[in-house]
> 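Structure incoming, see below.
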Amino acid sequence: MTTALNADATHIIGQLQEGHASMNAAGLGSPALDDFYNLLTEMITEAPDPKFRLHEIVELLAREPGKTAKSA
């Protein structure tokens, strides 16, 4: 099934692709980085609300080590 991405998803994925390309150009590329960006792209693509999904991802990555979602 092919679904057209909404404008938010298209914008977010474009920004992710630019950031990924910049990191690769700076010599920071790796298979793990590629996998990470592919996972982010997949999560944004499949989200019913891409902006909220991005917010969830940022909150998760910004969480202090050792804190659970309930204690954050």
Side-chain angles (χ1 to χ4, degrees):
M1 177 167 103
T2 304
T3 328
L5 295 177
N6 70 31
D8 289 336
T10 301
H11 179 73
I12 293 167
I13 290 168
Q15 289 181 318
L16 288 171
Q17 290 172 338
E18 287 177 20
H20 188 193
S22 295
M23 291 182 84
N24 284 334
L28 301 173
S30 70
L33 182 67
D34 295 343
D35 290 344
F36 179 71
Y37 274 95
N38 288 336
L39 176 62
L40 290 177
T41 299
E42 181 180 324
M43 291 173 75
I44 297 298
T45 300
E46 294 175 354
D49 183 347
K51 285 176 142 180
F52 185 71
R53 177 59 48 87
L54 181 61
H55 174 75
E56 292 175 320
I57 294 166
V58 170
E59 288 293 316
L60 178 64
L61 294 174
R63 186 177 303 150
E64 292 180 40
K67 286 199 174 186
T68 63
K70 290 180 182 178
S71 66

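What you see is a predicted model, and the numbers here were worked out from it, not measured in a lab.
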> For residues 50-57, run the donor-acceptor check on the side chains, cut-off 3.5 Å, and write out each pair with its distance to 0.1 Å, sequence neighbours left out.
| unit_1 | atom_1 | unit_2 | atom_2 | d |
| --- | --- | --- | --- | --- |
| Arg53 | NE | Glu56 | OE1 | 3.0 |

> Report, one line per pair, each donor and acceptor closer than 3.5 Å where one atom sits in a side chain of residues 29-37; sequence neighbours left out.
| unit_1 | atom_1 | unit_2 | atom_2 | d |
| --- | --- | --- | --- | --- |
| Ser30 | OG | Ala32 | N | 3.4 |
| Ser30 | OG | Leu33 | N | 3.0 |
| Asp34 | OD1 | His20 | NE2 | 2.7 |

> Do Leu60 and Leu39 sit in one hydrophobic cluster, given that two such residues count as connected whenever their side-chain heavy atoms are within less than 4.5 Å of each other, even indirectly?
no

> Suppose we screen for side chain to side chain contact (heavy atoms under 4.5 Å, CB included). Which residues come up paired with Thr45, at least two apart in sequence or across chains?
Leu5, Ile13, Thr41

> What is the distance from atom CG of Leu40 to atom CD1 of Ile12, rounded to the nearest 0.5 Å?
11.0 Å

